[in-house]
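These numbers come from a predicted model, not from an experiment.
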Amino acid sequence: MLFSGDDSSGDVTAPAGGGTGEGTFAVEHRWRPLVLVVTLAALSFAGLFAAGLGRENGMGTPLVMALGALGIVAGLTLAALVHGRVRRHEVLRSQVRQRTWELEQARHLAEEQAGALAATIRDLRVAARVIEHSVDGIIVTDADNRIVLVNRAFTEISGYAADEVMGQDPRLLNSGRQGPEFYRVMWRALRDEGSWTGEIWNRRKDGTLYPEWLRITLLRDEAGAITHHIAVFSDLTAKKEAEERNRHLSYHDPLTGLANRALLIGRVRLALANGRRTGEPVALLLLDLDHFKLLNDTRGHPTGDAAIIAAGERIRRTVRPGDTVARLGGDEFAVILTGLSQGSTPLTGADRREEALAAVGQVAERLVAAFQQPLMLEGNGGGEVRLACSVGVAVAPADGDTWEALLRHADVALYAAKHAGRDRYHFFTPEIGDRVRDRTWIEEGLRISLGVASGGGDDGVVQGFSLAYQPQYRPGAHGGAGVLMGAEALLRWNHPEDLSPVSPARFIPVAEETGLIVPLGDWVFRTACRTARKVRERGVVGFKMAVNLSAVQLRDKGCGERLLQILTEEGCTPADIALEITESALMGDAEGNLQAVHELRANGFRFAIDDFGTGYSSLAYLRKFAAAYVKIDKSFVDGLPGDDASRQIVAAVIAMAHHLGLETIAEGIETQPQLDCLRELGCDIIQGYLLGRPMPEAQLMALLAPVAASA
């Protein structure tokens, strides 16, 4: 057969290589039936034509068969020609389709490669922008460690422009702070691990050194050979400065820059340890600025801060350069003194302590004297301020061999200096310790009592507190006491620990220093108002209840509002009460107290200036305070009638008060001649043991019974 074994010309359109583009397209089989039909038709026609032609011409059978065979050969030849033409046509078509498919595959591949190239270019641009705008500096060097790329952060950090470092070795940044061994370790890590990370110091173009955090990574090709070094670093200057600031603030006062409590404790303990080994005394001086709170309240915190800064600088300049000066907080400073032995001959025992005390005394005296000159302040609150200082001194080991004991005893000595009149220094002594322990005993007792006193009580006694009332009279015409017109409420207290009575002269100053006088004063005012209401309910008219008001209460914000609220709650009016405040307390902060007094006067309260003549005796402020009463101090009454100076002072006070439209009150009258003299001089109101001792409320009510009956 002609097509036997021609199966390779099957009807296949896919590439022989399974669609990979390899091999050729096979010839299609759709033309095989047509070729076969044409071939058979040609053979049949040739045979029939040859047979018919032989019969017509009378040829014999052999000749006819020969002609038929010749026709068949001619048909076969024609069929072969047709088949060959069709075969070539199909092969050409197959080759065209093969090339077309290959071109299409090439086009798809080109498109994919173009897309990948575009993505790669895009990624490279993004990477370049990331590198250029990175906050970290980046250096890329080649295999020979020559710089081939730097970014903008590198230029900003190092100061070198890119064209200045291209082709250079990075060692041009070397600071010289790391030795050869440092770099040997670095390169060994790079060689063994492929990267190195750590802190290093480099040098900027201007010569300044800076710390940086550096990471170096090696890049290798497919064969493992080093092609590039990539160094990424960040400038640690700001971080180091912040750490240094934090470290400084951990041990220094942020306002003055002096040592703080933590640094002071460390240095005191170190000095004490050295002192135990060498026998050298160590002194701790505590300094407190006198009346600083008044300055802070009247001129504002900026001025107060400026004064603290100036005071710290003055202390630092006054002591020796090697002495530690610290600010403990507020207006309190401390100084550590060591190396107190002056002579070349070593001393022991009492002699060494005496020498140390003498040296410390000189320093303390210089400190006190330094603050007798005004402080010059800078800034908006500048100018001069005058602030004296008090100094307390404790010397180890006699006054304590630990930081806690030394601080406690220096604080006790400071307390003694303040109570001795301020503007002075005081060494710690056991006697001072006893006084401070007594003060602590009183303070703790006050806190216990006031902790219960907030609940109040109707019997006039609240956990040891009570009021006694001393009557006040208008002098009679013939030597008698005269008319009972009021009483002064006096505070009494029994300590809660042993119920022993404590003198007001002992516990009132402690209450004022600790601020406990504010709640205590509110309780006194409320209790006195209750008594005044009871007096009014009995029909007594014009009775005045005198209540002492501390300067601390007067300066306390909201004092007037609280007093008015208590009056309302207890059913009283300002006309029932006379507030007494000492002259020295009023003048301590004259302007501030003047405003507080005016606010209370605007609400109907009337004032009596207590202890007049023992303080500043400023007639100008006496007029400004517009008091209703002037109370003559007992120290002047004691000299009557025999002491001419006392008589003249009392007469002048009474005359001045009457000229200003004020009434006078004389306290502490104990003898009839004193009473007669005061009546003769024209005193308006009198009180004292001669007329009546301080008494409980019930006794005062009994004393008022005749007055109530007549009313």
| task | Evaluate the side-chain contact (heavy atoms from CB on, under 4.5 Å) criterion for residues Leu377 and Glu384: first the C-alpha distance (whole Å), next the side-chain angles of each, then the deciding distance (0.1 Å), finally the verdict. | result | CA-CA 6 Å; Leu377 307 187; Glu384 290 187 0; over 6 Å; no

| task | Could you check whether the rings of Trp493 and His495 sit parallel, tilted or perpendicular, using 30° and 60° as the cut-offs? | result | tilted

| Are Met695 and Met701 side-chain neighbours, meaning at least one heavy-atom pair lies under 4.5 Å? | no

| For Thr664 and Tyr629, what are the C-alpha separation, side-chain angles and deciding distance, and is it a side chain to side chain donor-acceptor pair (under 3.5 Å)? | CA-CA 6 Å; Thr664 55; Tyr629 308 96; over 6 Å; no

| Got more than 12 heavy atoms from elsewhere within 6.0 Å of CD, Glu561? | no

| message | Nearest 0.5 Å, please: how far is CD1 in Ile632 from CG in Leu678? | response | 6.5 Å

| Is there side-chain contact between Leu287 and Val335, with at least one heavy-atom pair below 4.5 Å? | yes

| With sequence neighbours excluded, what pairs up with Asp556 under the side-chain contact (heavy atoms from CB on, under 4.5 Å) test? | Val518, Arg562

| request: Tell me yes or no: between the side chains of Thr256 and Asp253, is some donor less than 3.5 Å from an acceptor? | output: yes

| said: When you compare the side chains of Asp288 and Ser390, does any donor N or O come within less than 3.5 Å of an acceptor on the partner? | reply: no

| task | Could you point out which residue of Glu488, Arg693, Gln687 forms a side chain to side chain donor-acceptor pair (under 3.5 Å) with Gln470? | result | Gln687

| What's the spacing between Leu258 CG and Ile315 CD1 if we round to 0.5 Å? | 7.5 Å

